[in-house]
Amino acid sequence: MSGANRPAWILHYACAPIIGGVESIMTEQARVLSAHGHPVSLVAGRGAPQLLLPEIDSRHPDVLAVQAELDAGRVPETFDLLRARIREALAGGLAEVDHPVIIAHNVVTLHKNLALTAALADLAATGTAHFVAWCHDLAWTNPLYLPALYDGYPWNLLRTPLEGMTYVAISGERQRELAGLFGWPVEQVRRVPNGIDPARFLSTSAEMVDLLERLAWLEHDPVLLAPVRMTRRKHLELAIEAVAALKADGRRPLLLVTGPPGPHNPRQDYADFLVAERARLGLEDDVVFLSLVPWLPGGVSDALMAELYRWADALLFPSQQEGFGLPLLEAGLARLPVFCTALDVLQEAGGTDVHYFAPDATADEVAAQIEAVLDQPGPAALRRRVLRDYNWEAIYQTGLLPLFRR
């Protein structure tokens, strides 16, 4: 079976909708794997998993009874009985799945159910499935947990590389800790970070999600918003040329012009000029006139405009004439960096909180200013890095999919 459709089990003690916890990461992994054609089962002892195995729950009465003895440094006779029950329950489920990848969150490095850890060690050694230990926390490197750990079996399972197990750490720190614990080179532990679903976190509409996908939004940097009509006084050719300059500098910019041609001009010569200028510079994929695309027949609604402000990296407003400059206020509410012409009226609205360029500025100067500001450490740079590196699609391609191809 190819990695593209290999089934997955995502396993943890519990499966509950805890925002930001391991359980949330399990749910997001399941979502992105399912989206790429992997049959996914959430396996847990509590909550609402597809496969409920009560004995793997860290709060199961039998687990708690065994754990109380283990915490006192004693291995009760019931430990091996519980281990066998868990192993048989897992093996029964695995017998019905073709070459799955088992992603076990924390249960191979934490001591919350050592009978489960031992059962997984038994199954991993058989080679019947590809087992992945996804390590958020390590008991043996945490001073808080050391009083409950003892030198010997089964506690040493948590600090011993298990046969048939691939180890993944969620951060560089955990990667170094685990490698040190095992006596491995750091690179022998794979690092795959946790991720975030930007569209879900930002409560994004279906219309905006469609736009994000059509424009490959997350692959662009920076995304510039020009919420204006296509009229000459808006000087949009400067914005288009600035995009060309950014692209020549190795960036992959995207400029979105939201407004239609001017409503009082029966001739659309300026709009035609802008389209031709875009073609001349080879920017058909980098400059989008949203009023002209066939898949947005109603144009940009007020609701969609508000989402564009939330998703863009900066406002680019190269206008040569303005009576007020409302987009600056909208950008302020959206915490969006603003780059605009140094017109008196715009300086009145923006004060010292926006970035100005001269009315006769060149495209290279505008592009250089955008790069200099957006590349400074701070919220804008962090936001773009999160969108680029920590979205679940990127993590699937670079971190999850290679595990399914092994």
Side-chain angles (χ1 to χ4, degrees), residues 11-14 21-22 43-46 53-91 102-192:
L11 182 146
H12 187 49
Y13 308 114
V22 174
V43 183
R46 177 172 18 113
L53 301 177
E55 293 90 346
I56 74 175
D57 184 0
S58 59
R59 297 183 186 174
H60 188 281
D62 293 348
V63 173
L64 290 174
V66 167
Q67 192 62 46
E69 291 293 306
L70 291 173
D71 288 346
R74 299 185 294 269
V75 183
E77 294 182 0
T78 52
F79 177 85
D80 279 332
L81 296 175
L82 181 58
R83 166 190 174 188
R85 282 165 54 194
I86 294 173
R87 182 178 63 239
E88 290 168 8
L90 289 169
I102 315 301
I103 300 175
H105 284 268
N106 258 356
V107 298
V108 178
T109 52
L110 276 188
H111 59 300
K112 303 302 181 180
N113 185 344
L114 280 168
L116 170 59
T117 306
L120 288 176
D122 293 341
L123 291 170
T126 68
T128 56
H130 179 197
F131 282 80
V132 178
W134 209 276
C135 306
H136 302 255
D137 302 290
L138 281 66
W140 276 105
T141 62
N142 190 331
L144 295 176
Y145 295 143
L146 290 178
L149 303 177
Y150 299 86
D151 185 17
Y153 181 87
W155 302 276
N156 284 349
L157 291 172
L158 304 176
R159 60 178 176 182
T160 305
L162 301 180
E163 181 184 353
M165 190 77 66
T166 297
Y167 286 84
V168 171
I170 63 169
S171 66
E173 181 175 356
R174 289 291 183 264
Q175 182 186 35
R176 292 186 294 273
E177 287 180 8
L178 192 57
L181 197 62
F182 290 170
W184 282 358
V186 171
E187 59 273 12
Q188 193 166 339
V189 178
R190 300 181 66 93
R191 177 187 170 274
V192 182

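Heavy-atom basis, side chains included; hydrogens, waters and symmetry copies ignored.
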Practice prompt. Check the pair I86 / L53 against side-chain contact (heavy atoms from CB on, under 4.5 Å), numbers first and verdict last.
Written response: CA-CA 8 Å; I86 294 173; L53 301 177; over 6 Å; no
Worksheet item: Looking at side-chain heavy atoms only, is the closest gap between D122 and R83 below 4.5 Å?
Response: yes
Discussion item. So I56 and V43, do their side chains get closer than 4.5 Å, heavy atoms only?
Written reply: yes
Worksheet item: Taking atom CG of L123 and atom CD1 of I102, what is their separation to the nearest 0.5 Å?
Response: 9.0 Å
Discussion item. I need the minimum non-hydrogen distance between Y167 and C135, along with the two atoms involved.
Written reply: CD2-SG, 4.1 Å
Worksheet item: Below 4.5 Å, heavy atoms only, C-beta onward: do L90 and L116 meet side chain to side chain?
Response: yes
Worksheet, complete the sentence: Between the CD atom in E163 and the OG1 atom in T126, the distance rounded to the nearest 0.5 Å is 9.0 Å
Practice prompt. Mark yes or no for whether N106, through its side chain, and H136, through its backbone, hold a donor-acceptor pair below 3.5 Å.
Written response: yes
Practice prompt. May I ask you to decide whether R87 forms a salt bridge with D80, counting only side-chain N to carboxylate O separations under 4.0 Å?
Written response: no
Fill in: Atom of A139, atom of L158 and distance for their closest heavy-atom approach
CB-CD1, 4.2 Å
Worksheet item: Within a strict 4.5 Å, meaning less than it, do heavy atoms of the H111 and Q67 side chains meet?
Response: yes
Fill in: Closest non-hydrogen atom pair between A118 and Y153, with its separation
CB-OH, 3.5 Å
Discussion item. Using side-chain heavy atoms (C-beta onward) and a distance below 4.5 Å, is W155 in contact with V75?
Written reply: yes
Worksheet item: When the ring planes of W134 and H105 are compared, do they come out parallel, tilted or perpendicular, using 30° and 60° as the limits?
Response: tilted
Practice prompt. Look up atom NE2 in H130 and atom CD1 in I103, then write down how far apart they are to the nearest 0.5 Å.
Written response: 9.0 Å
Worksheet entry | Contact summary for A133 and V108, nearest pair of heavy atoms | CB-CB, 3.9 Å
Worksheet entry | Nearest-0.5 Å distance, CG of residue L64 to CZ of residue R59 | 9.0 Å
Discussion item. Given 3.5 Å as the limit, does a donor-acceptor pair link the side chain of Q175 with the main chain of V189, or not?
Written reply: yes
Discussion item. E55 vs D62, test: side-chain contact (heavy atoms from CB on, under 4.5 Å). Steps then yes/no.
Written reply: CA-CA 7 Å; E55 293 90 346; D62 293 348; 5.5 Å; no
Discussion item. Working note: Y13 + L110, criterion side-chain contact (heavy atoms from CB on, under 4.5 Å); need CA distance, chi angles, decisive distance, verdict.
Written reply: CA-CA 11 Å; Y13 308 114; L110 276 188; 3.9 Å; yes
Worksheet item: What is the minimum heavy-atom distance between L120 and A104, and which atoms define it?
Response: CD1-CB, 4.0 Å
Discussion item. Strictly distance-based, threshold 3.5 Å: is any side-chain N or O of T109 a donor or acceptor partner for the main-chain N or O of D137?
Written reply: yes
Worksheet entry | Sidechain-backbone polar pair: D57 side chain, N113 backbone, donor-acceptor under 3.5 Å | no
Worksheet item: Charged N to carboxylate O below 4.0 Å: is that the case for R174 and E177?
Response: yes
Discussion item. Please report the interatomic distance CZ(R191) to CD1(I170), rounded to the nearest 0.5 Å.
Written reply: 9.5 Å
Worksheet item: Can you tell me how far CG of L70 sits from CZ of F79, rounded to the nearest 0.5 angstrom?
Response: 6.0 Å
Worksheet item: Would Y145 and L138 count as a side-chain contact (heavy atoms from CB on, under 4.5 Å) if you check the C-alpha gap in whole Å, the side-chain angles of each, and the deciding distance to 0.1 Å?
Response: CA-CA 9 Å; Y145 295 143; L138 281 66; over 6 Å; no
Worksheet item: So, does Y150 use its side chain to make a donor-acceptor pair with the main chain of N156 at under 3.5 Å?
Response: no
Practice prompt. Might you point out which heavy atoms bring R159 and W140 nearest each other, and give the distance in Å?
Written response: NH1-CZ3, 3.4 Å
